[in-house]
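The block underneath contains the structure these notes are about, expressed in structure tokens.
Numbers restart at 1 for each chain; the letters A, B, ... are given by sequence-line order, proteins then strands.
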Amino acid sequence: MARPFDVVALESKWQQRWRDSGLYEVDNDDPRERFYALCMYPYPSGAAHQGHVRNYTFGDLVVRYQTMRGKAVLSPFGFDSFGLPAENAAIKAGSHPRLFTDQRIEELRASVQKLGAVYDWRREVRSHDPEYIKYSQLIFLKFFEAGLAYRANAPVNWCPGCATVLANEQVNADGTCDRSGDLVERKNLEQWFFKITAYADELLNEVDGLEWPDRVKTMQRNWIGRSEGAEFALQVDGQPDLAIRVFTTRPDTGFGVTYAVVAPEHPLLDQLTTAEQRDGVDELVTRARGASELERTASSDSGIGLDKRGAFTGSYVINPFNGDKLPVYVADYVLGTYGTGAIMAVPAEDERDYAFAQVHNLPLVRTVAPPADFEGGAYSGDGVKINSGFLDGLSISEAKKQATAFLGERAAGEAKVNFRLRDWLVSRQRFWGCPIPIVYCDGCGIVPVPAEQLPVVAPDDVSMDKSGQSPLATHEGFRSTTCPTCGGAARREADTMDTFTDSSWYFLRYTDPFTPGVPFDPSAAAKWMPVDQYIGGIEHAILHLLYARFYMKALVDVGLAPGLPREPFRRLFTQGMIRMGGSKMSKSKGNLVAPQQYYESVGADGLRLFHLFVGPPNDDFDWTEQTNDVIDGCARFIDRLWRLAELEEVTWRDEADATDLAVRRAVHKTIVRVTDGFEKWGYNTGVAALMELLNTLSKWARDAHGAHRATFDEAIDTMCLLLAPMAPHVSAELWAKRHGDDQLVHAQSWPTADPSLVVDDTVTMVIQIAGKVKARLEVAADISEADATAAALAEPSIAALLNGAAPSRVIARPPKLVNIVP
RNA sequence: GCCCGGAUGGCGGAAUGGCAGACGCAGGGGACUCAAAAUCCCCCGGCCGCAAGGUCGUGUGGGUUCAAGUCCCACUCCGGGCACCA
């Protein structure tokens, strides 16, 4: 579209000036009030897409707005530069992942700069920088020292064809390998874990105090999944040395237990299985252990029948409540990873137990009286205890307490809290990640690499081949080393860390990448932390945000971050996704709309304004055929403002009059509306308010009646100031044209509204009869209730409608409304 | 299955319990122009009406209230998250 100015030249000129001015480079000793604004650092996948544009438009708005409010705003940028896509690209091309990564970082950096977003680039973080690797490894070692990092066996997806480990994303829905098509197996490997469960309670409790979207808080709570109950022993009949420990949230249902179930992975399963039952049990275990993880986690009413999903072990246990002999089954609906991997089954009060009991003809004993009209199978609602010996007549909550106490005396039981949250498996059998700084020595065992030898970096002389196996595992120069303790021959750990470890502390590195020898100086970090406003996609609602919270707490506890707050992100805003044709816009789906074409037509300002205007920032947005028209409309608004500021068709009047007062009121009301919008994520209504003001100004200044110069100047200056965080280039240019080339609109103070200009002298009062609007009346803004009522009743059209009848009631809400009830 | 969201013109959306549809897009009409583009002006939920005006209208059905898009109850549909968590 034809523009009244050269948009490309104008925008690149200002981007250059912002870089030169240093306006957004803040030092750690800046005396102003602090504000830490942060967008989630991106994975560098090449030039920015609309999701980035949306994210950084919101972020940049916050940065520029808070700066104009007089704050020192920390606005850093960086790249989450380790990860699988670069590794896969390198495998395909037979080259090194760094080549792709560095190139894509430059592409993304350039396109982000073209958006006009401003950052303090001195603080840039790239996860694959040796400096960053060094401190990521130092943190690992501190966690190891503190007992927060440990080794254990854990299953991985193993492709026999490729002889390598696969990420979950590389396993197809039917359980085959993405690359070779072979059936993927579960295989146990010794791997590293972070003990996030040690913080389960704190992670759960501190969710409450965060200014985060409720949706995200709920997701975090559910993910942590705390449940209270009891754990106790079920003695195996005839084997005095053998007992199965079970966990239940319903100890009150103890008299209703009619069987017990262990998970296929249960360590005692072998001992429990009798010779006669061996075949059935083995068959079940084999199937559960196979590639059928997906099958197993599918809902119970799909896939394989329940009869095939459980088998009798041949053993019995004794119910401690009533001495009954209970058959022990193995079934895949019990998970080895949760609780004790074994349960007491209560078909009358648990739906899964009920379904299983039906198929296997197991008895049912109700221990809670269901309501009279209850027709279902399992009843898990409230009620009075029945068939439960000493618990009869009690409420469920009281029965839980007494049953737990009973178990304590009779079955080595105790109250127990369980979490759904598992420890964080951080080992990745990948090349393009941060190496785990550990060596294995035959004599000394697991030996941490001494801090002064960090970073441990991957060698450059590798090429990724089609096998997909990490070259770290086979590169002798990397793997063979000497033991730091005894000096003997040793092997380096070949695994790298999950890339979520990098994104768990980058926001701390931003605060102080300057002090040598430490990841960050705690006193410098303390000046900025916690992040005042974190902005990112909802897709990170659980993992990234949970891991970063864990890191923050652990870093404080291991002594790397003394004095820092234990929660990293005070306020979180999650932006909506951009969808196209029903699915999320993404590179992998191939439905990207590149921003570049818009930089050349409507400019970054036009595109930014569109993202701000199109709807509430936290809502998803559908990119359709109509979208380009809306973007053009946003550029049209900029052009109209430009032409008005350039005085096109404006006529002047010497003296100010009532029309000027009205315009000034509109200007000051707009200040309030835009400011409110900025504070409450109402950017769309903020843009609308500016559009309305422009309509008002244009009509007024171009009318034959004319505009008073001072009023006009105040209005245009205010528009520039209010627009500065949204459309920074054009507002900067207009400001410079009006005030001199050395004047920066973004260095000005945010405008404040004159309270006397925000309220009107007179307002339109609505007169209703029975809630329906029948008349309107111009009244003084401070009209009294009595005067409003009198004026309403005196209005001729109202009097005519009432026809002399006295109203039964009159509700007056001066000065806006009077409702007459006949 | 459970837990969150959401449903308003042709479309995106606006509306501290107080004039539903701000603002924009699309559409229609007009001005300017030889013409087109751009720009500017006007109209734009349905129905009745020449008009003034009337009447219905915020997914469905109830309710609370002088007054409900907004609050409460029940439901329908759509989107998302978790999904055998004992």
Between the protein and nucleotides 28-31 of chain B, list the N/O to N/O atom pairs that are separated by less than 3.5 angstrom.
none

Protein-nucleotides 22-24 of chain B N/O pairs closer than 3.5 Å?
residue : atom : partner : partner atom : Å
B:A22   : O2'  : A:E692  : OE2          : 3.0
B:G24   : OP1  : A:N695  : ND2          : 3.2

So which protein nitrogen or oxygen atoms get under 3.5 Å of nucleotides 63-70 of chain B's nitrogens or oxygens?
residue : atom : partner : partner atom : Å
B:C66   : OP1  : A:R809  : NH1          : 2.8
B:C66   : O2'  : A:N819  : ND2          : 3.3
B:C66   : O2   : A:N819  : ND2          : 2.6

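Applying the side chain to side chain contact (heavy atoms under 4.5 Å, CB included) rule to A:M40 yields the partners A:Y506, A:Y534, A:H540, A:H544, A:L545, A:L572; only residues at least two apart in sequence or on another chain are considered. Under the ring pair (Phe, Tyr, Trp, His ring centres under 6.0 Å) criterion, A:F610 pairs with A:F621, A:W623, sequence neighbours left out. For the side chain to side chain contact (heavy atoms under 4.5 Å, CB included) test, residues two or more places apart in sequence or in another chain that qualify with A:R673 are A:A689, A:E692. Contacts of A:A233 classified as side chain to side chain contact (heavy atoms under 4.5 Å, CB included), with partners at least two apart in sequence or in another chain: A:A243, A:R245. Evaluation of the side-chain hydrogen bond (donor to acceptor under 3.5 Å, both in side chains) rule for A:T367 yields A:E349, A:K385 as partners, not counting sequence neighbours. Annotation: side chain to side chain contact (heavy atoms under 4.5 Å, CB included) contacts of A:V207 (sequence neighbours excluded): A:K217, A:Q220, A:R221, A:R549.
Under 3.5 Å, the side chains of A:N418 and A:S227 contain no donor-acceptor pair of N or O atoms. If you check the side chains of A:N819 and A:R813, you find no donor sitting under 3.5 Å from an acceptor.
Closest to the side chain of A:T248, from the set B:A86, B:G81, B:A14, is B:A86.
A gap of 48 Å separates the C1' atoms of B:A15 and B:C34, to the nearest Å.
The base of B:C40 is not paired with the side chain of A:R702 by any donor and acceptor separated by under 3.5 Å.
Surrounding CZ of A:R226 are more than 12 heavy atoms belonging to other residues, nucleotides or ligands, all under 6.0 Å away.
Residue pairs meeting the salt bridge (charged side-chain N to carboxylate O under 4.0 Å, His left out) criterion with at least one member in residues 536-547 of chain A, sequence neighbours excluded: A:E539-A:K584.
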Given protein heavy atoms under 4.0 Å, the one-letter contact record of nucleotides 4-9 of chain B, with B base, S sugar-phosphate only and - none, is simply S-----
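A:S227 comes within contact range of the sugar-phosphate backbone alone, with a heavy-atom separation under 4.0 Å but no base atom that close. Using a 4.0 Å heavy-atom distance criterion, A:V614 is classed as a sugar-phosphate-only contact.
In this structure, A:K699 and A:G615 both approach RNA chain B, and ranking their closest nucleotides by distance from the 5' end singles out A:G615. Looking at which nucleotide of RNA chain B each of A:D353 and A:N222 is closest to, the 5′-most match is held by A:N222.
Stems are defined here as 3 or more consecutive Watson-Crick or G-U wobble pairs with pairing distances under 3.5 Å; those involving RNA chain B are B:1-7 with B:76-82, B:10-12 with B:23-25, B:27-31 with B:39-43, B:45-48 with B:53-56, B:59-63 with B:71-75.
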Exercise for the section: Report the C-alpha distance between A:Q50 and A:L607 in whole Å, list the side-chain angles of each, state the deciding distance to 0.1 Å, and finish with yes or no for side-chain contact (heavy atoms from CB on, under 4.5 Å). Expected result: CA-CA 9 Å; A:Q50 297 294 344; A:L607 190 59; 4.0 Å; yes
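A:K400 has no carboxylate O lying under 4.0 Å from a charged side-chain N of A:D252, or vice versa, which leaves the two without a salt bridge.
Note: A:F58 and A:Y683 have tilted aromatic rings, judged against thresholds of 30 and 60 degrees for the angle between ring planes.
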